[in-house]
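Structure, as structure tokens:
Here is the naming used below: chain letters follow the sequence lines, and residue numbers restart at 1 for every chain.
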Amino acid sequence: MNSVITVALPKGRLAEDTIELFLKKGILDNSCVDFNSRKLIFEDKNKGFRFLIVRNMDVPTYVEYGACDLGIVGKDIICETQANVYEFMDLGFGYCKLCIASLEKDFKYKHDIKIATKFVNITKDYFINKGFFVETIKLYGSIEIAPLLGLSDIIVDLVSTGETLKKNGLFLNDTIMESTARLIGNKNLTRSKYDKIKDILEMLRG
Amino acid sequence: MTNLSAIERAKMMNAIIGKISDIISLYGYSEIFLPIYEYYDVLADKTFNFNDEKIIRFIDRNTGKSLVLRPDFTPQVCRIVANYLSDMPLPIRLSYSGRIFRNVGAHKGIKSEKYQIGCELFGSDEYYGDLELLLISRRVLNDLGIEDYRIIVGDKKFISMLSEFVNMENFIKMLETKSVSAIEYFLSNVKLDDRILGLLKFLPDAFGGRDILDKIEELSEFSPILTERIRYIKSLIGKFQELGGDIDRVVFDIGETRGLNYYTGVNIDIVSRKDGSSLGGGGRYDTLMEKFGYGISASGIAFNIEEILRFSNLAYDEKKSSVLNISSIEEAEKLRDNGKEVFLLSKHIKS
């Protein structure tokens with residue numbers, strides 16, 4: 001059966017690394033994705049691929065609901081969205097840490113602290129497991145500003161070098177999880193298109 | 001998602017429900033009616049994938065007990081069989097049709113109710129029971145003109161047999177997401193016989209065509225019970241094929257873990273290859289009836305009508321309502337006496 005495999009890629013560096021990996025492993029011959037264009041859908045008719053460029057938080061949704069067969073996304077996003085998908089492999093790139101930061105060097109957790117974050121589910125789970133009831137405030141970006149203005153006591157955010165924290169006078173207090181890019185797949189589509197998907201998995205492992 | 005008007009949609013739904021109901025009858029099933037709500041206690045440990053977040057419940061004002069809008073028909077049918085039909089000769093074949101309810105998260109794009117039609121078989125032997133699930137599925141899908149479907153076959157008996165060789169709890173979690181990286185790492189840290197290790201390593205990849213069964217049989221050679229089990233599945237599928245089953249539409253997934261505490265043998269998922277949506281599913285749950293105090297075997301399958309609606313090319317009955325320009329109610333009634341459908345337009349009626 002000659003079917004096209006649709007892959008959801010998160011806008012940015014992860015998408016570029018993925019295409020590079022696919023080229024290296026011989027899954028693609030040449031890149032059909034032009035990252036400088038404003039197009040969101042790219043097609044490689046020859047190899048039977050379609051790539052969608054979407055927001056990273058949306059990648060698991062596209063895959064879980066079968067709009068895409070496969071997706072590339074960070075482990076942090078998979079945990080946050082709790083999507084019911086296959087998580088075939090750790091691709092190794094896209095490393096980052098989900099960290100707790102505040103204005104104090106040694107922040108002592110207590111009940112009812114306010115936490116600004118994009119990752120409300122992970123944050124709630126983390127503090128419930130520690131036995132603290134906390135209030136989360138969902139923000140979509142520039143999280144570092146929240147403690148400075150008194151919007152929150154601490155923040156939970158992704159850190160790669162720690163430069164942004166330092167520039168805004170925040171201290172790194174704790175690391176909740178480390179994350180790398182994963183290849184995910186829709187459960188029913190993976191199995192019903194097994195011929196093609198298994199080839200891709202094999203080439204990526206090889 | 002569909003271009004059907006409310007009227008066309010209802011006609012189409014009825015046509016599909018009627019068709020499936022006819023097919024289920026061909027296999028000797030009788031329909032029963034079931035209540036829309038059920039006591040929480042009856043369902044709690046007896047329902048597939050039951051959890052408090054996924055149900056819609058309320059309090060019975062007379063007893064103070066929790067009631068649940070039925071999330072699944074199977075435990076209800078089991079309750080009826082155990083309480084009222086235990087003197088009937090086996091096997092018992094019952095079917096049902098109606099809506100099931102679930103609590104869904106906001107912004108998830110899924111509805112909280114869906115229409116199902118299905119059937120349950122009690123007290124039959126495993127081989128013929130399992131075969132019947134496959135035969136009914138095939139007939140339903142073919143007769144509804146669904147083209148791009150796959151029947152995914154898993155086996156919970158095989159998976160649970162593996163717990164004789166390895167502590168499965170952590171392994172199952174990784175297998176659930178077919179996470180090869182995690183499984184490789186996990187297995188490199190446990191001490192196991194090379195032969196069982198070889199089998200476990202293969203499980204995340206154990207989905208595909210019939211060759212998967214050969215491969216699993218080869219890897220299971222060291223264990224007579226595992227070998228026997230995989231041969232059972234092979235003979236089941238062999239028979240299905242012999243009876244005209246399209247083997248190219250069957251996908252095996254021996255690493256499938258969904259419903260491990262519920263299913264006790266073969267389970268099937270019928271999916272659309274277009275978008276992966278679930279058209280139906282079922283399997284064998286031989287320990288379920290014990291919980292209702294009547295320990296007989298049970299298996300069943302249910303079809304999701306709304307999903308099927310999107311892929312079926314069944315032509316619904318376009319009976320032309322006869323003649324519009326009838327001039328009197330008397331004439332219309334006379335035609336109706338003879339079984340004609342009459343759509344009366346008041347502007348034609350002479351007073």
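At most 12 non-hydrogen atoms from other residues, nucleotides or ligands lie less than 6.0 angstrom from CD of B:E147. Atom CZ of B:R139 is surrounded by 12 or fewer heavy atoms from other residues, nucleotides or ligands within 6.0 Å. In the displayed structure, A:E135 atom CD is contacted under 6.0 Å by at most 12 heavy atoms of other residues, nucleotides or ligands. Annotation: A:K47, atom NZ; neighbour count of heavy atoms from other residues, nucleotides and ligands within 6.0 Å is above 12. Remark: A:R13 CZ is loosely packed, at most 12 non-hydrogen atoms of other residues, nucleotides or ligands lying under 6.0 Å away. By the 6.0 Å contact criterion, OH on A:Y95 is enclosed, its count of non-hydrogen atoms from other residues, nucleotides or ligands being greater than 12. For A:E202, the CD atom sits in a loose shell: 12 or fewer heavy atoms of surrounding residues, nucleotides or ligands are nearer than 6.0 Å. By the neighbour-count criterion of 12 heavy atoms within 6.0 Å, atom NZ of B:K111 is sparsely surrounded, having that number or fewer from other residues, nucleotides or ligands.
Heavy atoms of B:I270 lying under 4.5 Å from chain A are absent altogether. Proximity to chain B (any heavy atom under 4.5 Å) is shown, for A:T6, by neither the backbone nor the side chain. The part of B:V271 that comes within reach of chain A is its side chain, from C-beta onward, which places non-hydrogen atoms under 4.5 angstrom from that chain.
Panel note: side chain A:K198, backbone B:F207; a donor-acceptor pair is recorded below 3.5 Å.
The two residues B:S272 and A:S192 have their closest heavy-atom pair at O-OG, 4.4 Å.
Chain B forms more heavy-atom pairs under 4.5 Å with one residue of A:L183, A:V85, A:N188 than with any other, namely A:N188. Taking B:I151, B:D269, B:D248, B:D205 one by one and counting their heavy-atom pairs under 4.5 Å with chain A, the maximum is reached by B:D205.
Between A:K193 and B:D148 there is no salt bridge, since none of the side-chain N atoms of the basic residue sits less than 4.0 Å from a carboxylate O of the acidic one.
Taking OH from A:Y194 and CD1 from B:I212, the interatomic distance works out to 8.0 Å, rounded to the nearest 0.5 Å. How far CZ of B:R273 is from CG of A:D69: 9.0 Å, rounded to the nearest 0.5 Å. Between A:R205 atom CZ and B:S181 atom OG the span is 8.0 Å, to the nearest 0.5 Å.
Taking the side chain as every heavy atom from C-beta outward, B:E176 and A:Y86 never approach each other to under 4.5 Å. Counting only heavy atoms from C-beta outward, the side chains of A:R182 and B:S179 never approach each other to under 4.5 Å.
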Check step by step if side chain to side chain contact (heavy atoms under 4.5 Å, CB included) holds for A:L189 and B:D275.
CA-CA 7 Å; A:L189 288 173; B:D275 65 1; 5.6 Å; no
